[in-house]
Trainee: 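Sharing a structure below in structure tokens format, with a few things to ask.
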Amino acid sequence: MRTKLTRIAELAKQRPKIKLQTLIHAMDEESLKAAHRALSADKAVGVDAVTKDEYGEKLEENITELLARMKRQAYKPQPVKRVYIPKADKKKRPLGIPAYEDKLVQKALNEILTVIYEQEFLDCSYGFRPERSCHDALKEVSKILERQKISYVVDADIKGFFDNVEHGWMMKLLEDRIQDPNLLRLIQRFLKAGVIEAGVEYETDTGTPQGGIISPTLANVYLHYVLDLWFTVKIKRECRGEAYIIRYCDDFVCFFQYQDDAEIFYGKLIERLRKFNLEIAEEKTKIIEFGRFAVERRNKRGEGKPGTFDFLGCTHYCSQNKNGNFRVKRKTSRKKFKTKLKHFAEWLYQNMHTELGTLIKQINAKLVGHFCYYGITDNSNGIHTFGYRVRRKLFEILNRRSQKKSLTWERFAKLTDRFPLAKARIYVNIYG
């Protein structure tokens, strides 16, 4: 499998303007077995209710039969099970859970798409790509704002992106690089698989279900053409000043030297997205004056500090370093902080009767996960405040568990000495 993928990657790199053919051969017994080994055993099950362990009991037989169906084009993905997860704005995000066998096929298919499009994607794209992370995107934002001639930021949000990807356009964009009808047919079948919600099956004429393994890669392909290339080839050339874009999947932010460039782009962005069945969420999209030059100009006008913008769960604001020079800093966004704390509190209530040692281990795993992401340069206060609020919530839960409210802070301190909570610390140096 790795040899075949390496060969596909080499062809994609050597022949950037040639459409690739006969790619489906990379989906074989070896690739599907590798996908089975890679998939987690504790994920939610789809409409088939089949777990990894159950599928693996007859792995050879199941994969042989699956490949036979794929070769005679009889394989059809099952509808995904739709569930909802809460968002920061109190709305709910739909999440699609594929059947286990479909996860296997998507995993192997995603490996092929990844090696092809890693040769195509631009440096401004960071989401769901090998060796690129949210923190890498945040580091690049800092470099642009602190080193380039930037005074305006367009903070944009695409409304319901995953629900509105237009299938026709998706296939046309894929055909720009892929000419294997079998691979394209397989992707289209996943797009058209449908969803099941509360026992009712619905057709899917648009969108890619969040939760599907190939969905982030398909989203990157869609926005590579719709946004990244368009911005790089057309918008930047038309601007009279500097212009940059950083995108993480469907979350992106744009930077401009001049206000008129930012405003013209904003208007063109609306038209560009409309062409591809997308639209901006106007209530979440804004143009703000931001950067070291913005600070100076606003001070002269007596207008106070520039506004702020949120990107990847962090609020970015203008500040200074110890030497008094401009520096962009960031903290946990208020919306994300409240949502994370709320979810933590709900989880604590649900698990309040768990044995204390086990409960603390589980709490620490969640805390460390939070600190690893939000523990970035300049956000010490944000993560320490989160840890403090969780500590107070745990005290409240343990008192409720006893039903006597007999636990004092002194006794609680002794308990946490015996079962210490994870301490907040900075994990990521934005300037490292």
Side-chain angles (χ1 to χ4, degrees), residues 1-2 4-5 8-9 23-24 26-56 59 62-63 66-67 69-70 75-83 85 93-118 121 125-134 161-163 165 167 170-171 173-174 178 182-196 204 207-224 248-250:
M1 174 61 178
R2 185 53 52 187
K4 291 179 179 179
L5 289 176
I8 292 172
L23 299 169
I24 198 72
M27 297 188 66
D28 54 15
E29 180 180 352
E30 182 184 350
S31 70
L32 292 171
K33 285 183 177 178
H36 174 72
R37 290 192 296 270
L39 289 175
S40 175
D42 59 357
K43 295 293 184 181
V45 297
V47 294
D48 60 348
V50 174
T51 66
K52 175 179 179 176
D53 291 340
E54 290 170 344
Y55 193 89
L59 185 62
N62 286 334
I63 288 181
L66 170 60
L67 283 169
R69 277 185 284 133
M70 292 178 68
Y75 167 74
K76 290 186 178 181
Q78 298 181 63
V80 300
K81 182 169 71 174
R82 176 176 284 170
V83 296
I85 56 176
R93 184 193 303 276
L95 182 69
I97 305 173
Y100 185 77
E101 185 174 75
D102 297 334
K103 291 179 184 178
L104 283 184
V105 178
Q106 284 196 34
K107 178 70 174 173
L109 175 57
N110 194 59
E111 294 278 353
I112 298 172
L113 293 176
T114 297
V115 297
I116 294 172
Y117 285 100
E118 273 304 300
F121 291 152
S125 167
Y126 285 85
F128 302 98
R129 294 181 57 190
E131 299 180 11
R132 282 175 169 249
S133 68
C134 294
F161 171 74
F162 283 93
D163 295 330
V165 169
H167 291 174
M170 182 81 258
M171 299 312 299
L173 298 176
L174 287 166
I178 298 172
N182 294 317
L183 194 80
L184 292 171
R185 185 185 301 112
L186 184 59
I187 294 172
Q188 189 162 43
R189 285 184 176 180
F190 275 116
L191 292 174
K192 301 289 186 184
V195 300
I196 287 183
T204 46
T208 61
Q210 296 185 63
I213 295 172
I214 60 169
S215 289
T217 304
L218 292 180
N220 272 337
V221 171
Y222 205 77
L223 290 175
H224 168 72
Y248 192 95
C249 203
D250 63 326

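Please read all numbers here as calculations on a predicted model, not as lab measurements.
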Trainee: Could you work out, with side-chain hydrogen bond (donor to acceptor under 3.5 Å, both in side chains) as the rule, every residue matching Y117, not counting sequence neighbours?
Mentor: none
Trainee: Taking only residues two or more places apart in sequence, or in another chain, which ones meet D48 in a side-chain hydrogen bond (donor to acceptor under 3.5 Å, both in side chains)?
Mentor: none
Trainee: Can you name the side-chain hydrogen bond (donor to acceptor under 3.5 Å, both in side chains) partners of K33, sequence neighbours left out?
Mentor: E29, E60
Trainee: With sequence neighbours excluded, tell me which residues meet side chain to side chain contact (heavy atoms under 4.5 Å, CB included) with L191.
Mentor: H167, M170, M171, I187, T208, L218
Trainee: List for me each residue that meets side-chain hydrogen bond (donor to acceptor under 3.5 Å, both in side chains) alongside R189, sequence neighbours excluded, and say none if there are none.
Mentor: none
Trainee: Taking atom NZ as the centre, does K192 end up with more than 12 heavy-atom neighbours from other residues, nucleotides or ligands that are less than 6.0 angstrom away?
Mentor: yes
Trainee: Working to the nearest 0.5 Å, report the span between CZ of R82 and CD1 of I196.
Mentor: 11.5 Å
Trainee: Give me the atom names and distance for the closest heavy-atom approach of P216 to F128.
Mentor: CB-CG, 3.5 Å
Trainee: Among L109, I116, T114, exactly one meets side chain to side chain contact (heavy atoms under 4.5 Å, CB included) together with T217. Which residue is that?
Mentor: T114
Trainee: Give me the atom names and distance for the closest heavy-atom approach of A26 to I8.
Mentor: CB-CD1, 3.9 Å
Trainee: Restricting to ring-ring contact (aromatic ring centres under 6.0 Å, His included), what partner residues turn up for H36, sequence neighbours left out?
Mentor: Y100
Trainee: Against V115, only a single residue in L5, N110, L23 fulfils side chain to side chain contact (heavy atoms under 4.5 Å, CB included); can you say which?
Mentor: L5
Trainee: Report yes if the side chains of L104 and N62 come closer than 4.5 Å at any heavy-atom pair, otherwise no.
Mentor: no
Trainee: Knowing that exactly one of Q78, Q106, R69 qualifies, which makes a side chain to side chain donor-acceptor pair (under 3.5 Å) with E101?
Mentor: R69
